[in-house]
**Q** 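Dropping a structure here in structure tokens format, bear with me for questions.
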Amino acid sequence: MVEQLEKYAIEFNIPIIQKDGLNFIIDYIKNNNVKTILEIGSAIGYSAINFALVNKNIKVTTIERDIERYNEAIKNIKDFNLEEQIKIFNVDAFDYNDETKYDLIFIDAAKAQYIKFFEKFKNNLKDNGIIISDNLSFHGLVENPKNTNNRNTKQLVSKISKYIEFLKDNKEFNTTFYKLGDGISISKKI
Ligand code: SAH
Ligand code: MG
């Protein structure tokens, strides 16, 4: 059951997507007949499993560089009998190369690298596809950067702000921002 994955994530501090953000993406998948998904950042497979459970025709390719999380994801995908629908790769996303074009790309890995992920993986998007990015609010710190004094966190928050500016100024994509979960955006090719 997915509830068990949620419990595990809380116990071991795995940053899985928040419920309302997840439901928002699931609705998008249903309403737009999404069939193929590329996910950057699998963690323990929670979001990939939830996407695959929408219906049997959905194929998810997901990338995780951390070996422990990858192993946990493999186990979870097996427990849900989703090996046919979810392909997972234990590799750094920047070393991953794929010619496939996807309906949906979900960027949910290292927050400081979002512009680079976007630039790399936009080439894997179908013409009418979308890129969804997670954690653009980063616990509200993007809106209120003064709420942290931690140097690393400050840097990360500043990188996310730059990514938001990058999306707003982007000439190839139109982006809509949603204050859902930890902040989500949908970018569509113009
Ligand atoms: N999508 C998951 C949560 C992912 S958490 C869910 O909602 O259930 C982000 C994950 O991205 C972490 O497990 C981290 O190890 C991984 N990650 C970060 N940078 C990465 C990179 N460059 N390549 C592959 N995985 C990366
Ligand atoms: Mg996330």
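Here, residue 1 is the first one in the sequence, and each next residue gets the next number. Both ligands and their constituent atoms are indexed starting at 1 by order of listing.
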**Q** Report the nearest protein non-hydrogen atom to atom 7 (O) of ligand 1: residue, atom name, distance rounded to 0.1 Å.
**A** I17 N, 2.9 Å
**Q** When you measure from atom 14 (C) of ligand 1 to every protein heavy atom, which one gives the shortest distance, and what is it?
**A** E64 OE2, 3.4 Å
**Q** Taking 4.0 angstrom as the limit and counting only heavy atoms of I16, give me the atoms of ligand 1 inside it, by number and element.
**A** 6 (C), 7 (O), 8 (O)
**Q** When only distance counts, is S47 in polar contact with ligand 1, meaning an N/O pair under 3.5 Å?
**A** yes
**Q** Are K159 and Y114 close enough that some pair of their side-chain heavy atoms sits under 4.5 Å apart?
**A** no
**Q** Quick one: look up the protein heavy atom nearest atom 25 (N) of ligand 1 and list residue, atom name and how far away it is.
**A** R65 N, 3.2 Å
**Q** Have a look at ligand 1 and work out which part of V91, if any, has a heavy atom under 4.0 Å from it: side chain, backbone, both or neither.
**A** backbone
**Q** Would you check if there is a donor-acceptor pair between the side chains of K111 and N135 at a distance under 3.5 Å?
**A** yes
**Q** Is there a path of hydrophobic side-chain contacts, each under 4.5 Å between heavy atoms of I, L, V, M, F, W or Y residues, that connects I184 with F51?
**A** yes
**Q** Would you mind checking which non-hydrogen protein atom is closest to atom 12 (C) of ligand 1, with the distance to 0.1 Å?
**A** R69 NH1, 3.2 Å
**Q** Closest heavy-atom contact between Y102 and Y96?
**A** OH-OH, 4.1 Å
**Q** Do me a favour and list the nearest non-hydrogen protein atom to atom 9 (C) of ligand 1 with residue, atom name and distance?
**A** D108 O, 3.0 Å
**Q** Considering only heavy atoms, does A48 approach ligand 1 within less than 4.0 Å through its side chain, its backbone, both, or neither?
**A** neither
**Q** Out of all atoms in ligand 1, which are within 4.0 Å of some heavy atom of A109? Include the element for each.
**A** 11 (O), 17 (N), 18 (C), 19 (N), 20 (C), 26 (C)
**Q** Ignoring hydrogens, what is the shortest heavy-atom contact between L167 and T175? Give both atom names and the distance.
**A** CB-OG1, 3.8 Å
**Q** Regarding T148 and N150, is there a side-chain donor-to-acceptor distance under 3.5 Å anywhere?
**A** no
**Q** Does an N or O from F94, backbone or side chain, lie closer than 3.5 Å to an N or O of ligand 1?
**A** no
**Q** Check the orientation of F118 and F166. Use parallel for under 30°, tilted for 30 to 60°, and perpendicular for over 60°.
**A** perpendicular
**Q** Under 2.8 Å from the Mg ion (ligand 2), which protein atoms of type N, O or S occur, listed by chain and number?
**A** D108 OD1, D134 OD2, N135 OD1
**Q** Can you give me the closest heavy-atom contact between N124 and T100, atom names plus distance?
**A** ND2-O, 2.9 Å
**Q** May I ask you to check whether F117 has an N/O atom sitting below 3.5 Å from an N/O atom of ligand 1?
**A** no
**Q** Among all protein heavy atoms, pick the one closest to atom 22 (N) of ligand 1 and tell me residue, atom and distance.
**A** D92 OD1, 3.2 Å
**Q** Is any side-chain N of the basic residue among E165 and K162 closer than 4.0 Å to the acidic one's carboxylate O?
**A** no
**Q** If you take all heavy atoms of I77 and I86, which pair is closest and at what distance?
**A** CD1-CG2, 3.7 Å
**Q** Counting each atom of ligand 1 from 1 as listed, which ones have a heavy atom of S42 under 4.0 Å away?
**A** 2 (C)
**Q** Would you mind checking which non-hydrogen protein atom is closest to atom 23 (N) of ligand 1, with the distance to 0.1 Å?
**A** A93 N, 2.9 Å
**Q** Do you see a donor-acceptor pair shorter than 3.5 Å between the side chains of K35 and N33?
**A** yes
**Q** E39 heavy atoms, cut-off 4.0 Å: which ligand 1 atoms fall inside?
**A** 1 (N)
**Q** Looking only at side chains, do E39 and S47 share a donor and an acceptor under 3.5 Å apart?
**A** yes
**Q** Looking at NZ of K116 and CD1 of I107, how far apart are the two atoms once the value is rounded to the nearest 0.5 Å?
**A** 13.0 Å
**Q** Hey, does L22 sit under 4.0 Å from ligand 1 if you only count heavy atoms?
**A** no
**Q** Below 3.5 Å, N or O to N or O, backbone or side chain included: is there any such pair between D66 and ligand 1?
**A** no
**Q** Is there a donor-acceptor contact under 3.5 Å linking the side chains of Y163 and S133?
**A** yes
**Q** As an exercise, identify every atom of ligand 1 less than 4.0 angstrom from a heavy atom of P15.
**A** 3 (C), 5 (S)
**Q** Please assess N97 against K120 for the test side chain to side chain donor-acceptor pair (under 3.5 Å), listing each intermediate value before the final yes or no.
**A** CA-CA 10 Å; N97 291 304; K120 176 175 166 75; 3.0 Å; yes
**Q** Taking distance alone, with N or O pairs closer than 3.5 Å, would you say G41 contacts ligand 1?
**A** yes
**Q** Decide whether the shortest distance between a heavy atom of Q113 and an atom of ligand 1 is less than 4.0 Å.
**A** no
**Q** For I130 and L125, which heavy atoms make the closest approach, and how far apart are they?
**A** O-CD1, 3.4 Å
**Q** Would I186 and I17 show up in the same hydrophobic cluster when neighbours are defined by side-chain heavy atoms closer than 4.5 Å?
**A** yes
**Q** Considering only non-hydrogen protein atoms, determine which one is nearest to atom 18 (C) of ligand 1 and report residue, atom name and distance to 0.1 Å.
**A** A110 N, 3.3 Å
**Q** Identify, by atom number and element, the atoms of ligand 1 in contact range of Y46, meaning under 4.0 Å from any of its heavy atoms.
**A** 8 (O)
